[in-house]
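These notes concern the structure reproduced below.
Chain identifiers are assigned alphabetically (A, B, ...) following the order of the sequence lines, protein sequences preceding nucleic acid strands; residue numbering begins at 1 within each chain. Worth knowing before you read on, the calculation uses all heavy atoms, side chains too, and leaves out hydrogens, waters and symmetry mates.
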Amino acid sequence: MQRQNRLGQNRQFSYVYRRGKKASCRELSLLYVRSKEKRVGFSVSKKVGVAVVRNRTKRRLREAVRPLLPQMKSGLYVFVARPAAAECSFQELESRVKYLLRKVESLRAPAEEHK
RNA sequence: UCGGGCGGCCAGGCGAUCGCGCAGCUUUUGCUGUGAGGAAAGUCCGGGCAUCACAGGGCAGGGUGCCGGCUAACGGCCGGUGGAGGCAACUCCAAGGAAAGUGCAACAGAAAGAAACCGCCCCAUGCGCAAGCAUGGAGUAAGGAUGGAAAGGCGAGGUAAGAGCUCACCCGCGCACUGGUGACAGCUGCGCGCUGUAAACCCCACCCGAUGCAAGAUCCGAACAGAAGCGAUACGGCUGCCCGUCGUGCUUCUAAAGAGAUCGCUACGACCGUAUGGCAACACGCGGCCAAGAUAGAUGAUCGUCCAACGACAGAACUCGGCUUACGACCGCACCGACAGC
RNA sequence: UGGGGUAUCGCCAAGCGGUAAGGCACGGGACUUUGACUCCCGCACUCGUAGGUUCGAAUCCUGCUACCCCAG
């Protein structure tokens, strides 16, 4: 994922936490704010597990979001992992991510997207 | 063969597609190289480095604690001494001082540093034919009961009964002697017989300035205004207190208070081989080989294949030496024990 | 990254070397026509865990584990 598509700075995260629309399932939460830019951030707290588990969860989330990036509407996204996410396989996470993106209605139909 | 003891090594490999951090080259798009650990962990010690303070001293405070060596240093390592465990190989040990002083030792028990409850023995008086009993006095630590611990152990002599009271042997402590750098060991001589606890206070010896890379340095931008008070005191630093010393004008109110960038940032210390010294830790010489450096934080996804196995424990954040803890598999030993065979 | 604290019954907790207080809750009984109140009785063999010191450890020492808090 390119740096321009990442969410940096704590203040950007706080902004999304304050203004964002929220969608949740058992493993993940998603916060979304409309914006000109398209940036994605990930938050995995210590409740999820030790450093190895947190890093793995974050990597899997990044990898799950990356192919969907062109189809997503521009805006600021924050994915928050909940403790159940540590047990998930990559495929499960991928389907959860898609589900949440549809829930906030930010995922365009793949047909609309033209490279 | 089984069970143990000690030591060592590895940390999934290869290929394909997509993707990430850093560096270089290109230039606007890619290419090449490279990219977590033995514990990166816990943060329990000790160095480096940085800032502040250096005129130090005293009292507090903290740490270490058998001896010798190694090390930049250590609470680490090596080799010994003593003790404990084990049939053994071997392993483990905060292992100075209880005769400087204070405290504590519940319950039990007569008594917990000095002791007479029962008992034993003697004397006197009374009763009784006697055996003996009662009362009083004196002696006694051999026996009883309690306890974690009861005043060195055991045997003999001795005695009214007893007692290191005396003697032999053993144990322990101190001094002298011998060996050893030393802890200590040895045996002889002399003297003595002292409860335990210092991971209770404490004493003795040695060591310790504070804070930590979010340390700290540089740059850009913004701001840099006003009022009052104090005046040789005030404030701040030197871990706490006292002395002392150093620095600065200081303090309060109102107003304004910000987001960054760069450096620090990783290659000069590990590792491998080898010569020399040393039992060893280690020292020293020569040769070789190593290049993560992010700043919401880089290693993943899918497939194939080897494989018993998705692989165990687990993710760098200034850095190094240790310690501790977590954990998968493998190998070696002219190391030990048991059983069987030759 | 650095620093500090806590862990004792189901819950809140006292205890600081000598047999683990107390309250709530819970169980049984009494009182009452019944319930509540009240009264009586009961309720901690590993004091988070593993070792050590001591005659004796929840307490002292050491190593772990979990949780909470503070600074930036």
Side-chain angles (χ1 to χ4, degrees):
Chain A
M1 188 176 301
Q2 299 295 313
R3 181 160 293 169
Q4 60 188 19
N5 289 329
R6 284 195 217 148
L7 205 54
Q9 297 305 322
N10 202 7
R11 58 208 313 256
Q12 285 181 293
F13 275 84
S14 319
Y15 177 79
V16 175
Y17 282 132
R18 268 202 320 276
R19 300 288 186 79
K21 276 205 296 188
K22 190 168 177 184
S24 299
C25 62
R26 204 171 63 85
E27 296 84 2
L28 293 172
S29 292
L30 169 64
L31 292 115
Y32 166 65
V33 173
R34 294 159 71 94
S35 169
K36 281 184 283 190
E37 300 172 291
K38 190 191 284 184
R39 288 180 185 274
V40 183
F42 301 92
S43 174
V44 183
S45 85
K46 280 199 173 170
K47 289 260 166 83
V48 175
V50 293
V52 171
V53 174
R54 293 201 303 271
N55 278 341
R56 188 170 56 225
T57 307
K58 218 186 290 182
R59 283 191 207 113
R60 283 177 169 166
L61 280 173
R62 258 202 298 274
E63 189 60 25
V65 172
R66 192 178 55 81
L68 304 171
L69 207 56
Q71 305 170 25
M72 286 156 62
K73 289 181 185 167
S74 63
L76 304 179
Y77 300 82
V78 172
F79 287 91
V80 179
R82 303 175 124 177
E87 318 294 322
C88 287
S89 70
F90 175 75
Q91 284 81 5
E92 286 174 310
L93 278 180
E94 203 173 23
S95 67
R96 296 287 92 183
V97 166
K98 282 180 180 164
Y99 166 76
L100 289 178
L101 284 172
R102 269 197 298 277
K103 225 174 168 184
V104 296
E105 299 171 347
S106 85
L107 200 62
R108 274 174 278 187
E112 283 182 44
E113 188 67 26
H114 44 82
K115 306 203 171 162

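Pairing for C:A7 is with C:U65, a Watson-Crick or G-U wobble pair whose two hydrogen-bonding atom distances lie under 3.5 Å. Nucleotide B:U188 is matched to B:A176 when pairs are restricted to Watson-Crick or G-U wobble geometry with both distances under 3.5 angstrom. Both distances falling under 3.5 Å, in either a Watson-Crick or a G-U wobble arrangement, place C:G42 opposite C:C26. The partner of C:A14 cannot be assigned: no Watson-Crick or G-U wobble pair with both contacts below 3.5 Å exists in any strand. In a base pair of the Watson-Crick type (N1 to N3 plus N6-O4 or O6-N4) or a G-U wobble (N1-O2 and O6-N3), with each distance short of 3.5 Å, B:C202 is matched with B:G97. Of all nucleotides present, only B:C118 satisfies the Watson-Crick or G-U wobble test against B:G143, with each distance under 3.5 Å. Under the Watson-Crick or G-U wobble criterion, with both distances below 3.5 Å, B:G19 is left unpaired in every strand shown. Pairing for B:A225 is with B:U254, a Watson-Crick or G-U wobble pair whose two hydrogen-bonding atom distances lie under 3.5 Å.
Classification of B:G7 as anti follows from a glycosidic angle more than 90° from 0. B:A338 has its base anti relative to the sugar, with a glycosidic angle deviating from 0 by more than 90°. In B:G143 the base sits anti relative to the sugar, since the glycosidic angle is further than 90° from 0. Glycosidic conformation at C:G42 (O4'-C1'-N9-C4 for purines, O4'-C1'-N1-C2 for pyrimidines): anti, more than 90° from 0.
By the 6.0 Å and 45° rule, A:Arg102 does not stack over the aromatic ring of A:Tyr99.
Proximity of A:Arg62 to the phosphate of B:G297: a side-chain N or O atom is located under 4.0 Å from OP1 or OP2.
For the P atom pair drawn from B:G216 and B:U51, the interatomic distance equals 10 Å after rounding to whole Å. Taking atom P on both C:G63 and B:A317, the two are 23 Å apart, rounded to the nearest angstrom. On the P atoms, C:U6 is 46 Å away from B:A281, given to the nearest whole Å. B:G132 sits 31 Å from B:U146 when the P atoms are compared, rounded to a whole Å. Spacing of P atoms, B:U239 relative to B:A255, comes out at 39 Å, to the nearest Å.
Per the geometry, NZ belonging to A:Lys58 stands 14 Å off C1' belonging to B:G21, to the nearest Å. The distance between atom NZ of A:Lys98 and atom C1' of B:A301, rounded to the nearest whole Å, is 13 Å. Between the C1' atom of B:C20 and the CZ atom of A:Arg60 lies a distance of 17 Å, rounded to the nearest Å.
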Would you tabulate the pairs of protein nitrogen or oxygen atoms and nucleotide nitrogen or oxygen atoms of nucleotides 311-315 of chain B closer than 3.5 angstrom?
from   : atom 1 : to      : atom 2 : distance (Å)
B:G315 : OP2    : A:Val52 : N      : 3.4
B:G315 : N7     : A:Arg59 : NH2    : 3.2
B:G315 : O6     : A:Arg59 : NH1    : 3.3
B:G315 : O6     : A:Arg59 : NH2    : 3.1

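Residues satisfying the side chain to side chain contact (heavy atoms under 4.5 Å, CB included) test with A:Ser95, not counting sequence neighbours, are none.
In this structure the side chain of A:Leu30 never reaches within 4.5 angstrom of the side chain of A:Val78, judged on heavy atoms. Looking at A:Phe79 and A:Val65, their side chains come closer than 4.5 Å, going by heavy atoms from C-beta outward. By the 4.5 Å heavy-atom criterion applied to side chains, A:Leu100 and A:Cys25 are counted as neighbours. A 4.5 Å side-chain heavy-atom check between A:Leu101 and A:Tyr32 finds every atom pair outside the cut-off.
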